[in-house]
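The structure appears below as structure tokens.
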Protein chains: 2
Amino acid sequence: MALTLPDARQDAFRARLTRGQTLELSALSQEFAVSIDTVRRDLKTLEAEGVARCVRGGAMPVSRPSGTALQRVALAAPGHDALASRALPLIEDGMVLLLDGGATVHALAQILPSLPNSLVVTPAPAVALACLAAGIDTQLVGGRLSPSGAISVGHGAVTALSDVAADIAFLGTCSLDPAFGLGADDLGEAEVKRAMATASHRSIALAGADKLGRRSRHRVLNCQDLDMLITNASPESVTLYKEQGVEICHA
Amino acid sequence: MALTLPDARQDAFRARLTRGQTLELSALSQEFAVSIDTVRRDLKTLEAEGVARCVRGGAMPVSRPSGTALQRVALAAPGHDALASRALPLIEDGMVLLLDGGATVHALAQILPSLPNSLVVTPAPAVALACLAAGIDTQLVGGRLSPSGAISVGHGAVTALSDVAADIAFLGTCSLDPAFGLGADDLGEAEVKRAMATASHRSIALAGADKLGRRSRHRVLNCQDLDMLITNASPESVTLYKEQGVEICHA
DNA sequence: CATAATTCTGCATATGCTTGCAAATTGTGG
DNA sequence: CCACAATTTGCAAGCATATGCAGAATTATG
């Protein structure tokens with residue numbers, strides 16, 4: 001590796017950091033054949049960019065994809081229950097339900113009644129356990145677990161979902177913008193959520209007010225493809241969605 | 001484990017504490033190749049942060065306010081530690097592991113270290129969440145969830161497992177009889193467990209003394225096909241297994 | 001009560017950080 | 001082609017931190 005150019009070197013560091021690796025000063029200075037000081041200065045630059053966190057002896061990736069999904073789910077806020085309980089009346093026994101991952105949908109899974117004739121299909125292990133605890137027939141979608149959202153992603157998960165004919169898909173929301181549509185932070189998650197929407201008759205998004213008007217990296221659906229939005233946002237702040245045919249349900 | 005950075009080490013401790021694990025000074029000093037004193041100082045730092053409670057010989061997670069359903073599942077109190085901790089030395093980073101469901105294997109999943117180069121494949125959603133919390137690459141096997149054991153069963157699950165080449169399969173035990181072999185209460189679970197054993201180089205059963213000498217409805221494996229048994233039963237009570245070529249590991 | 005294990009304390013050492021500065025490299029304009 | 005400025009890089013001195021060790025104090029355990 002004869003990349004003596006500062007930018008190329010820093011790019012290499014950036015790549016490793018985004019992969020979750022920790023960088024060690026001494027190792028890097030050897031590998032790139034520059035002095036410790038140079039590496040230190042590079043890492044300081046990356047810290048200024050917000051990509052790295054300098055610590056003694058090197059640098060670490062800036063606090064993981066912002067808290068694991070597990071923590072977010074475990075620390076479910078009471079506000080989510082309001083959204084979840086608004087979703088409950090839409091569910092009838094005998095329906096086939098597709099449940100996404102995420103804190104809000106997880107809250108819904110936790111308050112589901114028994115539904116002896118229904119089937120829940122979900123790529124989220126935490127949601128599956130909650131449904132199983134409620135005594136509901138549960139089908140788990142397999143795949144590699146996405147660290148950010150704790151749901152199964154990948155080709156197998158999408159294929160498995162394409163074989164399902166569901167009545168309602170309840171989608172968690174990373175972001176929802178009137179123009180961009182429903183977004184997800186991870187490409188794999190976006191694909192799975194899209195597959196869920198495709199496999200079901202109605203697609204319903206649960207989104208707290210803090211998720212509205214924001215855009216994530218990947219698009220899941222256009223707003224036209226969304227049948228209903230359950231939110232705690234003010235009625236006037238969701239007119240742009242209503243104009244695109246999205247039914248609004250206020251919590 | 002090349003975590004030579006002090007902050008990375010403390011982060012690892014933090015991660016384990018938030019998963020409900022107790023930390024042992026001597027074990028940590030070995031694992032991270034630093035002196036006991038250094039680990040002690042680290043834990044004192046974490047105690048000052050409020051995430052640890054130093055006790056004689058190590059530290060414990062500070063009891064947290066409320067327990068949501070997921071916390072109860074993912075952070076359940078480790079009671080089967082004895083068996084699980086005996087399994088730990090068999091695991092090396094880079095291995096592909098197949099983890100069954102059940103309380104004992106779940107306890108193993110909860111004390112797994114980070115294993116950045118390993119892959120865990122499991123049909124048990126609770127186990128998958130525990131591995132994900134440890135930062136391990138996790139592959140979830142999909143299927144209908146068996147109500148009795150909370151693992152994916154069915155043709156799809158068996159097929160998915162047949163495409164895996166694992167180093168070790170850790171099997172939970174419903175029953176283990178010298179003549180009948182390893183048993184399961186549910187036909188679907190038996191098929192999945194058998195597929196796990198077939199897909200891996202070594203098959204290791206974790207069984208408390210109460211599971212030995214009993215027979216369940218369905219056979220998973222003959223004892224000849226079992227490579228190792230980890231149990232807390234007395235040495236004289238397992239001679240019949242040893243005669244069939246099963247390596248015994250006493251907890 | 002005696003023994004062993006564990007914890008605390010102080011200290012020497014090693015390692016890493018900061019600052020300032022000089023040499024080398026690159027870019028620019030005459 | 002040269003002079004000049006800006007950037008990058010390496011080096012050294014002073015300071016701060018982390019680590020490991022040894023001895024004293026404390027706590028468990030039989």
Side-chain angles (χ1 to χ4, degrees), chain A residues 1-17 20-64, chain B residues 1-18 20-63 77-79 81-82 85-86 88-89 111 113-114 116 232 250-251:
Chain A
M1 184 136 354
L3 293 178
T4 61
L5 316 172
D7 295 312
R9 207 177 40 233
Q10 293 182 15
D11 271 1
F13 295 166
R14 233 187 302 272
R16 299 192 188 186
L17 285 168
Q21 296 184 10
T22 66
L23 303 183
E24 234 175 309
L25 281 175
S26 53
L28 293 176
S29 92
Q30 273 200 302
E31 183 180 346
F32 291 85
V34 292
S35 77
I36 298 263
D37 303 70
T38 302
V39 180
R40 199 195 310 282
R41 276 186 272 247
D42 285 338
L43 295 184
K44 269 199 169 313
T45 305
L46 295 181
E47 186 175 39
E49 290 179 19
V51 186
R53 201 183 93 223
C54 284
V55 299
R56 188 185 180 83
M60 302 178 51
V62 67
S63 64
R64 289 286 180 184
Chain B
M1 190 142 340
L3 290 179
T4 61
L5 313 183
D7 290 53
R9 201 178 45 230
Q10 293 184 14
D11 269 7
F13 295 167
R14 235 187 303 270
R16 298 190 189 185
L17 285 168
T18 54
Q21 295 185 18
T22 66
L23 303 182
E24 222 176 317
L25 281 175
S26 53
L28 293 177
S29 92
Q30 272 200 302
E31 183 179 346
F32 291 87
V34 293
S35 76
I36 298 263
D37 303 68
T38 301
V39 179
R40 198 194 310 283
R41 276 186 271 245
D42 284 338
L43 295 184
K44 270 202 166 311
T45 304
L46 295 181
E47 187 174 39
E49 288 179 21
V51 296
R53 205 183 87 227
C54 285
V55 298
R56 194 180 179 81
M60 301 179 56
V62 59
S63 59
D81 271 6
S85 57
R86 297 293 295 188
L88 221 42
I111 62 173
S114 168
N232 54 2
H250 290 282

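Lettering follows sequence order; numbering is per chain, from 1.
In this structure, the CG atom of A/Leu23 is 15 Å from the P atom of C/dG16, given to the nearest Å. Whole-Å rounding puts the B/Ile36 CD1 to C/dT7 P distance at 9 Å. What separates NZ of B/Lys44 from C1' of D/dT19 is a distance of 17 Å, to the nearest Å. At whole-Å resolution of the value, CZ in A/Arg9 and P in D/dT7 are 16 Å apart. To the nearest angstrom, P of D/dT7 lies 16 Å from CG of A/Asp42. Put simply, CG on A/Asp37 is 14 Å from C1' on C/dA23, counting in whole angstrom units. Atom CG in A/Leu43 sits roughly 11 Å away from atom P in C/dT18 (whole-Å rounding). Taking atom CD on B/Gln10 and atom C1' on D/dA18, their separation rounds to 11 Å, with Å as the unit.
Listed by chain and residue number, nothing satisfies the side chain to side chain donor-acceptor pair (under 3.5 Å) test with B/Glu47 (two or more places apart in sequence, or in another chain). For A/Ser35, the side chain to side chain donor-acceptor pair (under 3.5 Å) partners at least two apart in sequence or on another chain are A/Thr38. In terms of the side chain to side chain donor-acceptor pair (under 3.5 Å) criterion, residue partners of B/Asp11 (sequence neighbours excluded) are, by chain and number, B/Arg14. Looking at residues two or more places apart in sequence or on another chain, you find no side chain to side chain contact (heavy atoms under 4.5 Å, CB included) involving A/Gln30. Checked against side chain to side chain contact (heavy atoms under 4.5 Å, CB included), A/Arg56 has the following partners two or more places apart in sequence or in another chain: B/Pro6.
B/Gly58 and B/Leu43 get closest at one heavy-atom pair: C-CD1, 4.0 Å.
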_Could you walk me through whether B/Val51 and B/Phe13 satisfy the side chain to side chain contact (heavy atoms under 4.5 Å, CB included) test, starting with their C-alpha distance in whole Å, then the side-chain angles of each, then the deciding distance to 0.1 Å, before giving a yes or no?_
CA-CA 10 Å; B/Val51 296; B/Phe13 295 167; over 6 Å; no
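Between A/Thr38 and the phosphate of D/dT9, there is no side-chain N or O to OP1/OP2 separation shorter than 4.0 Å. Side-chain N/O atoms of A/Arg41 include none lying less than 4.0 angstrom from OP1 or OP2 on D/dC11.
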Check the interface with nucleotides 23-30 of chain D: list each N/O to N/O pair with the protein under 3.5 Å, or write none.
| residue | atom | partner | partner atom | Å |
| --- | --- | --- | --- | --- |
| D/dT27 | O2 | B/Arg56 | NH2 | 3.4 |

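Using a 4.0 Å heavy-atom criterion, one finds that B/Val55 contacts the sugar-phosphate atoms exclusively.
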